[in-house]
Number of protein chains: 2
Amino acid sequence: MGSKPGKGSYHHGELRESLIAAGLAILEEGGDPSALGLREAARRAGVSAMAPYRHFPDKDALLAAVATVGFERLRAALEAADGGGEGREALYAQGAAYVAFACAQPGLFRLMFGARSGGVRPEALCLASAAAYAVLSERVAALVPAESAAEEALRSWALVHGIASLAIDGMIGEAARTDPQAAAALAERLLRLETLPR
Amino acid sequence: MGSKPGKGSYHHGELRESLIAAGLAILEEGGDPSALGLREAARRAGVSAMAPYRHFPDKDALLAAVATVGFERLRAALEAADGGGEGREALYAQGAAYVAFACAQPGLFRLMFGARSGGVRPEALCLASAAAYAVLSERVAALVPAESAAEEALRSWALVHGIASLAIDGMIGEAARTDPQAAAALAERLLRLETLPR
DNA sequence: ACCTGAACACCGTTCAAGT
DNA sequence: ACCTGAACACCGTTCAAGT
């Protein structure tokens, strides 16, 4: 009711969303983004292997669409962690949430930063990643002098992104790789460290 | 002369090294580590598609062997950058070299941190990555109190790894992605930043 | 001991149809 | 407008041979 009745067997426009949802489900089952394939996504959506080509020009386009959802989720996680709190603690909470997100969804996280559709990142993907970064960079901007805000934000991003990457690749230890809470706690500890003494 | 003569058409033991060299060559042609396949490596080594299975149990094992060479090269690059110099400047030089390495060989860099052979990292790969990390962590240990050395080293590693990862994924800008010198300069700038003022 | 060739089950993609 | 089916060129891997 609401949409045209009498069809039934068609996906009546939902197939695109079904394929993205299937992609997210595939990525949740393991950390390997190469497990997400066009045919497997079509299989899970209950549709023929060629049907996805009616909604995505190629595999990279599906990957980019899934990655875009990933950045929207990351942005939501960062906003929730920030909590509108005040100052430095909000920044630390964002960093912990960033690392916990990667650790909880390593396949999605790897895809988000590896998905370049034919060498070029689609605009929707750029917008979604910029929106996620804005949550972090605005928090940093509220803490430091305006002239160094851009570089401080980039530095904070690089630090949490490095922790997240090393953690999910198992370079820091088994606990940091498999336990989002442990990884988040490590991130908070490293964020609180002072710079090397002069 | 030196090895048994009269063979000629055999690779007489060099095939393993030829395949690793072919793998490195493939990775140098583009940033995508999935371009490195067993059949393509065999093709470049001038050998049948099945020959690699005499030297590697599966594809992951070849990837791990190539990644191991990558970590040996990274260790050499860090040692050369450190230059036995003194103190903080040597650390900054290592960070810049780390990022320049990733930017110059993005395919190899991605493989190094993504290669888990059947879920488990081979021992040679672990040793090679630990040796590279030791160059950085020993430099940090010479700069900070012993009780915080481990965390300070991990923090420095995460920061340069994050810069490197974001740079090769094109998240920082085109210059940082394609120009190793520009990426290295950015890394040095971020390493010199003080922490946020209290 | 080391390599080859045919075969199998996948995959992304193109083309010609189906309703 | 949206989906299907057959076909093509790949890929990793297994098996049975070849020298």
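Letters A, B, ... mirror the listed sequences (proteins, then strands); counts begin at 1. Being a predicted model, the structure only gives us computed values, none of them experimental. Side chains included, hydrogens not; waters and symmetry mates left out as well; all remaining heavy atoms used.
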- Query: Does OP1 or OP2 of D:dT13 have a side-chain N or O of B:Tyr53 closer than 4.0 Å?
  - Reply: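 B:Tyr53 to D:dT13 OP1/OP2: side-chain N or O found under 4.0 Å.
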
- Side-chain N,O (A:Arg43) to OP1/OP2 (C:dC11) below 4.0 Å: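 Affirmative; the distance criterion is met.
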
What is the distance, rounded to the nearest whole Å, between atom [atom1] of [X] and atom [atom2] of [N]?
X       : N      : atom1 : atom2 : answer
B:Arg39 : C:dT4  : CZ    : P     : 13 Å
B:Leu19 : D:dG12 : CG    : P     : 12 Å
A:Lys59 : D:dC10 : NZ    : P     : 17 Å
A:Arg16 : D:dC2  : CZ    : C1'   : 15 Å
B:Leu15 : C:dA1  : CG    : P     : 17 Å
A:Glu40 : D:dC11 : CD    : P     : 21 Å
A:Leu38 : D:dA9  : CG    : C1'   : 16 Å
A:Met50 : D:dC2  : CE    : C1'   : 15 Å

- Message: Both distances below 3.5 Å, Watson-Crick or wobble geometry, any strand: find the nucleotide opposite C:dC2.
- Response: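 Check on C:dC2: paired to D:dG18, both distances under 3.5 Å.
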
- Task: Please give the nucleotide sitting opposite C:dA7 as a Watson-Crick or G-U wobble pair, both distances under 3.5 Å, or none.
- Result: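 Result: D:dT13.
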
- Item | Minimum heavy-atom distance A:Phe113-B:Met171, with the two atoms named |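 Shortest heavy-atom contact: CE2-CE, 3.9 Å.
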
- What are the two closest heavy atoms between A:Ala153 and A:Val140, and how far apart are they?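 Taking A:Ala153 first and A:Val140 second, the nearest heavy atoms are N-CG1, 3.6 Å.
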
- Task: Could you work out the separation of D:dA16 and C:dC3 based on their C1' atoms and round it to a whole Å?
- Result: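 Comparing C1' positions in D:dA16 and C:dC3 gives a spacing of 13 Å.
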
- More than 12 foreign heavy atoms under 6.0 Å from CD of B:Glu29: is that the case here?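 More than 12 within 6.0 Å, yes.
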
- Query: Considering residues, nucleotides and ligands other than B:Gln181, do more than 12 of their heavy atoms fall under 6.0 Å from its CD?
  - Reply: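 Counting other residues, nucleotides and ligands, CD of B:Gln181 stays at 12 neighbours or fewer.
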
- Quick one: on DNA chain C, does A:Leu36 or A:Arg54 contact a more 5' nucleotide (nearest heavy atom)?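 Nearer the 5' end of the strand: A:Leu36.
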
- Is a salt bridge present between A:Arg110 and B:Asp169, judged by a nitrogen-to-oxygen distance below 4.0 Å?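 Salt bridge flag = no for B:Asp169 with A:Arg110.
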
